[in-house]
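What follows is a set of notes on a single structure, which appears directly below.
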Amino acid sequence: MVDSKPGGPRRKLRARARILHLDIDAFLASVVQLTEPATFGQPLAVGTGVVASRSYEAKVRGVETAMPLSEARRRCPELIVHEGDAALAMRFRKRVGEIVGRFAARVELTSLDDMYAELQGHATDPIDLASRIRAQVRTETGLSVAQGIGATKTLARLATTKAKPGGIHWVRPGAERRFLDPMPVEMLPGVGHKTAETLATYRIRTVAELRLVDRTLLAETFGVRGEELYLKARGLPCGAGDFVRELDVEHGRPGGSWGETSDTREISRTTSLWEATSDPESLRAMLTYLVDRAAKALRERGRIAARLDVVLGLASGGPSAFEARERPRRSPTSLHRGIALAPPSSTTRVLVERAIALLESLLDEHRCLVRLVGVRLGRLRMAVHGQQERFLFAEDEPGLDLRGQRIDTALDHLRARHGFAAVLAGEANALRGSLALGRDGFRLRTPSLTL
DNA sequence: TCTGGGGTCCTAGGACCC
DNA sequence: TCTGGGGTCCTAGGACCC
């Protein structure tokens, strides 16, 4: 490549690229503390089963994220446990995104509580810019943020971990290796439990040690990820994923400067059940509800799905003792079945029908106690607008449900005005009575994370 | 201490076609 | 009647992230 030589255009680009990573401190817990004054200043954990987020006061008492709540309570008996509210959190997140968008060329919202921004040029001191962002977020939302600045996303994100809570850390050009070298390898994004374990067998524990490993050896051992490790250990950008991505114009502010990424690959909705069950009727009801929610999210993003997967999480024991005796093998903890959708669809009625068929086939083959139900819509593509679709396909095209589409359009409008619960899809109505129903839908097991 | 939900990306093996 | 190889798509599963 021409531009790979020293001093070439790519090198210049890299030197100039400046990415800011922003992470909202103790996000879900902070949202609760800001909206429920009684919890302010108290040790607070948000989550169901495990800690999704905890306040500073809980942290200093030894409560950590991802820790089972039982353990958290043991360490901190006065802990207040809150279910959280995903919809409310999303509104806070959106406001933070808007604020950052005033200061940056573009913003990419990556997860619930963090985002990347691309800073323009060298005109402004990045520390000064980050300070202004922090002050503005504090003023307008009450939230505290930590920020990292670096030449790549990886560097910016690692800088943020140094800045927590509430601080700002800039990895200046030229200081990358000094910054990375002492870190344990598992701090590099992409190095999880398994990879760290494998590296440890080679006595590789820090980034400095990782940097001594031959490039081809890494590639042979870890494949594509090995190549990425080589680059990340040097603070070099690895692929398009290390630059701030394009925005979703439709889903973000029209013509605006921030949004979610435009290339969403899949949309899934999953929930644990309040009680494990093998009752096909209640499983169908819950799956119908989840497909309806996922389909709505799909349409909001102007997408259709060419793939649908159903997942069942099994209660301990997996298949029944009877089945285990018949076919002695390690019992699976989950069952999964998927199908390609041709033509692709975003129609609730079509998607529900397919999902239920998959569920039925799983239940026919396995006798099991189910504790978790989920649906995933994948292979997403841009939707063709309804009007055009009518010209492109005949009314009787199999799998294309024009009546269903009209129903969805009406449904989406109705729900935009009166809330999701205004109408429920077919079998989902069976959940009435057994689950609390609010304006935005049923209260599922984990309200802090389920939309 | 034994557990949440929503994502991304990679790989392996099989089906199928030319 | 038996024999090749490559490309592509599909499915299932796993590692990893916050």
Side-chain angles (χ1 to χ4, degrees), chain A residues 21-28 45-53 62-76 81 83-84 86 89-90 93 108-116 153-154 157-158 160-161 164 186-198 219 222-229 232 238-241 245 260-261 263-273 290 293-294 297 301 306-311 313 315-316 332-342 358 371-380 444-451:
Chain A
H21 177 253
L22 179 148
D23 183 293
I24 307 173
D25 293 319
F27 181 45
L28 293 174
V46 173
T48 310
V50 302
V51 177
S53 174
V63 176
E64 292 298 341
T65 301
M67 175 184 281
L69 277 172
S70 51
E71 170 66 8
R73 283 201 184 90
R74 198 184 61 75
R75 295 190 183 193
C76 177
V81 177
E83 304 189 309
M90 288 295 280
R93 167 198 198 247
E108 175 187 337
L109 279 68
T110 39
S111 74
L112 197 58
D113 69 347
D114 72 344
M115 58 191 76
Y116 292 97
K153 278 188 177 177
T154 302
R157 193 213 291 201
L158 290 171
T160 301
T161 65
K164 281 182 185 180
E186 55 264 42
M187 280 195 73
L188 291 179
V191 180
H193 208 74
K194 293 281 178 187
T195 309
E197 224 168 70
T198 308
F222 297 106
V224 178
R225 277 176 35 252
E227 188 72 20
E228 287 176 9
L229 280 183
K232 283 177 181 170
C238 48
R245 284 190 276 189
E260 293 178 312
T261 53
D263 51 354
T264 301
R265 295 278 200 275
E266 59 187 49
I267 291 171
S268 65
R269 288 296 178 272
T270 307
T271 188
S272 299
L273 303 174
L290 294 171
R293 311 244 355 154
R301 288 164 177 75
R307 167 101 195 161
L308 185 150
D309 291 83
V310 168
V311 181
S316 57
T333 57
S334 70
L335 297 173
H336 163 274
R337 190 153 293 172
I339 190 177
L341 300 174
L358 291 173
R371 47 163 280 271
L372 174 145
V373 187
V375 62
R376 184 172 61 219
L377 304 175
R379 277 188 230 153
L380 307 189
L444 299 179
R445 200 56 211 290
T446 308
S448 64
L449 298 170
T450 316
L451 280 176

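Note that the structure is a prediction, hence the values are computed from the model and not measured. By convention in this document, chain letters (A, B, ...) are assigned in the order of the sequence lines, proteins followed by strands, and residues within each chain are numbered from 1.
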**Prompt:** Quick one: does Arg75(A)'s side chain have a donor or acceptor within less than 3.5 Å of a partner on Gly62(A)'s backbone?
**Reply:** yes

Heavy atoms of Val46(A) and Gly84(A) approach each other most closely as CG1-CA, 3.6 Å

Considering only heavy side-chain atoms of Glu228(A), the closest of dC16(C), dT11(C), dC10(B) is dC10(B)

ask   = When we call it a touch if two heavy atoms are under 4.0 Å apart, what does Gly338(A) touch: a base, just sugar-phosphate, or nothing?
value = sugar-phosphate

Thr271(A) has its side chain closest, among dG5(B), dC2(B), dC16(C), to dG5(B)

What contact category does Leu335(A) fall into here, base, sugar-phosphate, or nothing, at under 4.0 angstrom with non-hydrogen atoms?
nothing

Q) Ignoring hydrogens and geometry, is there a side-chain-to-backbone donor-acceptor pair from Lys232(A) to Pro189(A) under 3.5 Å? A) yes

To the nearest angstrom, the CZ-P distance between Arg93(A) and dG7(B) comes to 10 Å

Considering only heavy side-chain atoms of Ser272(A), the closest of dT8(B), dC16(C), dG5(B) is dG5(B)

Picking from dG13(C), dT11(C), dT1(B), the nucleotide nearest the side-chain atoms of Arg379(A) would be dT11(C)

Quick one: label Ser448(A) by what it contacts on the DNA or RNA (base, sugar-phosphate, nothing), any heavy atom closer than 4.0 Å. nothing

Given the options Val310(A), Thr270(A), Val375(A), Leu290(A) meets side chain to side chain contact (heavy atoms under 4.5 Å, CB included) only with Val375(A)

Per atom distances to the Val224(A) side chain, the nearest of dC10(B), dA12(C), dG5(B) is dC10(B)

Requested in this report: Using a strict 4.0 Å threshold on nitrogen-to-oxygen distance, state whether Glu228(A) and Arg225(A) make a salt bridge.
Outcome: no

Answer for the Watson-Crick or wobble partner of dC18(C), both distances under 3.5 Å, is dG5(B)

| query | Looking only at atom P, what distance separates dC17(C) and dT3(B), rounded to whole Å? | reply | 22 Å

Testing dC18(C), dG13(C), dG5(B) for proximity to the side chain of Asp114(A), the answer is dC18(C)

Sugar-phosphate, base or nothing in reach of Val191(A), heavy atoms under 4.0 Å: sugar-phosphate

From CD1 of Ile267(A) across to C1' of dG5(B) the rounded distance in Å is 15 Å

Taking dC18(C), dC16(C), dG4(B) as options, the one with an atom nearest any side-chain atom of His193(A) is dC16(C)

Side-chain atoms of Arg265(A) come closest, of dG6(B), dC9(B), dC2(B), to dC9(B)

**Asked** For Arg376(A), which contact category applies under a 4.0 Å heavy-atom criterion: base, sugar-phosphate, or nothing?
**Response** nothing

Please tell me if Ser70(A) has a side-chain N or O lying less than 4.0 Å from either OP1 or OP2 of dT3(B). no

On a heavy-atom basis, the closest approach of Phe27(A) and Leu112(A) is CE2-O, 3.7 Å

Which of dG5(B), dA15(C), dT8(B) is nearest the side chain of Thr195(A)? It is dA15(C)

Return no unless some side-chain N or O of Ser111(A) is found under 4.0 Å from OP1 or OP2 of dC17(C).
no

Per atom distances to the Arg269(A) side chain, the nearest of dG7(B), dA15(C), dG13(C) is dG7(B)

Subject >> Touch class at under 4.0 angstrom, heavy-atom based, for Thr65(A) against every strand present >> reply: nothing

